[in-house]
A.B. asks: 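Quick one: structure below, then a few questions.
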Number of protein chains: 2
Amino acid sequence: MPRPTIKTIAQETGLSIATVSKALNDSPQVRPETRAIVVAAAARVGYQLNMHGVQLRTGKTYQVAAIMTAPGPRQNEWEGVEYAQLLSGISWALEESPYRVSLYAVRNFEESLATIRQIVSLKKADGIIVSGTRADDPRVRIMQEADFPFVTYGTTIRNAPHAYVDADNEQMIRHSVARLAGRGHRRIALVNPMADLSYSLTRLDAYRAALEAAGLPFDPALVAHGHLTPAFGRECVLSMSALPSPPTAYICANEASALGAFSGFHARGLVHGRDAVINATDDLNVSQYFAPPITTYFLPIHEPSELLGRYILRRMEGEAPEALQTLIMPKLIERSDDRLA
Amino acid sequence: MPRPTIKTIAQETGLSIATVSKALNDSPQVRPETRAIVVAAAARVGYQLNMHGVQLRTGKTYQVAAIMTAPGPRQNEWEGVEYAQLLSGISWALEESPYRVSLYAVRNFEESLATIRQIVSLKKADGIIVSGTRADDPRVRIMQEADFPFVTYGTTIRNAPHAYVDADNEQMIRHSVARLAGRGHRRIALVNPMADLSYSLTRLDAYRAALEAAGLPFDPALVAHGHLTPAFGRECVLSMSALPSPPTAYICANEASALGAFSGFHARGLVHGRDAVINATDDLNVSQYFAPPITTYFLPIHEPSELLGRYILRRMEGEAPEALQTLIMPKLIERSDDRLA
DNA sequence: GCGCACAATAAAAACGTTTAATTTTATTGT
DNA sequence: ACAATAAAATTAAACGTTTTTATTGTGCGC
């Protein structure tokens, strides 16, 4: 037996397929009693909407493209980004809707640009979710020019307003620096993401502002930019600890780099809490298992990711982007004393 | 200007849309010269195949469903599964094909079962990739009964033959136990995944066989099953180290649990290399940054994941499942001495 | 009782593609 | 040169929807 269609229901009820279609779509043109008959028949024959017909007719794809920049196969360094949780959060937010998450894995920024261009021009999706935003992001511009619905995970700085979700990096860094300064630290290192990323800039600015507020000088030697891998965190500690006046605190942008920083401590014979301390920002909550556990600003990844899903739905329904902007303040979890020894 | 279709090309060339379609699909029914004309015209007008038309006509979806069992939002414990890399590997393998990866995030086994049932019965995809296989997996049976193409990441034990990719858990555990026994260890603990998972059983069997081969007794107190989180690894160390005759080696099934084991060492005042050692299986290569770095069996996740993508393509083309089965032996990376102190 | 407005339904076209059936054109054998 | 045959093209139908346009039926005022 072939799969039932609206035609099946039409025969079953003696109505036309047009009426059936309208009934199923809650059109006011169809009488409530008729709708009830149609719905009953649909249930009886086990009717399920065939999306392909809808897609062809309406031009809608019912796909939300998630652009995921994953490191290439050559470099298998852990970056500690829980993309899986990010994706599942989005997926769950779309669960009740007819939309599905379509995955576009790209290797770098250029590829993501090309992919987005293609999705927009060939309308391969109805909406796009993209992360790793830059201060001035050409992808955002492309989507805006085409009036294509999208939400970014991460803010931009020099683009026109758009829908976004992000951790409140400014608040977090300000708070973090102030807290460490309040505990006696005068040499605070910033282990920052690649400089072209928007949140890198946000963090740097907040860092400088917070130092100034605390009456501490800014020293460029205490700031490093790089891919947030353990290798990078380790490298930062190895080089900065060799400075004439080494840092007594490291603010790591994620847990992977914090783990690497520990590895650097180990290599240099540094003891956490005595020689220096490590703080982190995280979404994995894995740093509670470090030895010793460290203080982190924790943002459970499912929060922003579900928001991304909900926002893209609303954006595709035409809601204004200005109404879809959220910064979430991560929660401080103090696991170590962090006072300057 | 509306998007060009085969109709556009037909008008452009004076041919019928049928000929255009056949020409673009390399049908032998069309003369090479004609094909050349069509292809040229297509390029000229910037023609791109509209999938919706194809999908409706052929019934094919050109979607590969990736079933991802991600932990729910409530429990945000890191399980160290690099799903992101897994997904991107699949995605890249499909890059040259017309297929896209469609993500289905589920919370647990039951949901994955229901999802697969739905995908199969409503033909929401042309192929399925599923992980977290059980010894006797009902999902596998469903897909086999419907003759639906699929590949599993992980083997099954009591199901009919099917396409799969997996790490060679048996070899790995046999080698691991033999190696530790050769270094003087007589109390080797197995930190194993949940008992219902197929590879849990495989590992346990291999563990017992290897112990026997090494002339060591099997002690159930040295085997633990659980979710491979840091919390679990920690718990294992905390409880097992309190045994009258505690283990001197821990074989952890992934890096997350190994990290937790370290946390347990820290809590108990155990020193790695003196009191006991930790070995792991991993696909992140993050254990090189542990303090100290530990010996691991490393399988770069992109290898199995790209294979998964290639296999599902071949499976969808009708290739026999028996030809699409691969166990990959992870590479041993010795980072610590591991001899019994 | 008659026309009129309006509500409810039906008919038909369209979205872009593939493919079975058919027609036209080219090639071959005698 | 002419059937017979093969090759290459065309015609037309179909996939399952939605939506515009057309038709039918109903209640209403007068």
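Proteins come first, then strands; the chains are lettered A, B, ... in the order of their sequence lines, and each starts at number 1.
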A.B. asks: Are the charged groups of A/R139 and A/E110 less than 4.0 angstrom apart, N to O?
C.D. replies: no
A.B. asks: Please check the phosphate of D/dT18 (OP1 and OP2 only) for any side-chain N or O of A/T58 closer than 4.0 Å.
C.D. replies: no
A.B. asks: State whether B/R107 and B/E111 are salt-bridged, where the test is any N-O pair (Lys NZ or Arg NE/NH1/NH2 against Asp/Glu carboxylate O) under 4.0 Å.
C.D. replies: yes
A.B. asks: Nearest whole Å is fine: how far is D/dT18 C1' from A/Q55 CD?
C.D. replies: 14 Å
A.B. asks: Round to a whole Å and report the spacing from CG of A/D26 to P of D/dT18.
C.D. replies: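 Distance check: A/D26 CG to D/dT18 P gives 12 Å.
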A.B. asks: A/S16 side chain N/O closer than 4.0 Å to the phosphate oxygens (OP1, OP2) of C/dT9?
C.D. replies: no
A.B. asks: Does D/dC15 have its OP1 or OP2 closer than 4.0 Å to a side-chain nitrogen or oxygen of A/N50?
C.D. replies: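 So the side-chain polar atoms of A/N50 never come under 4.0 Å of the phosphate oxygens OP1 or OP2 of D/dC15.
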A.B. asks: Without decimals, in angstroms, what is the distance between A/R35 CZ and C/dA7 C1'?
C.D. replies: 14 Å
A.B. asks: What about B/K60, does its side chain sit under 3.5 Å from the base of C/dT17 through a donor-acceptor pair?
C.D. replies: no
A.B. asks: Quickly work out the A/K22 NZ to C/dT9 P distance and round it to whole Å.
C.D. replies: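 Taking NZ of A/K22 and P of C/dT9, I get 10 Å after rounding.
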A.B. asks: Is any NZ, NE, NH1 or NH2 atom of the basic residue among A/R158 and A/D137 found under 4.0 Å from an Asp or Glu carboxylate oxygen of the other?
C.D. replies: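 A/D137 and A/R158: not salt-bridged.
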A.B. asks: Taking atom C1' of C/dC15 as reference, at what distance in whole Å does atom CD1 of B/I6 sit?
C.D. replies: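 Between C1' of C/dC15 and CD1 of B/I6: 12 Å.
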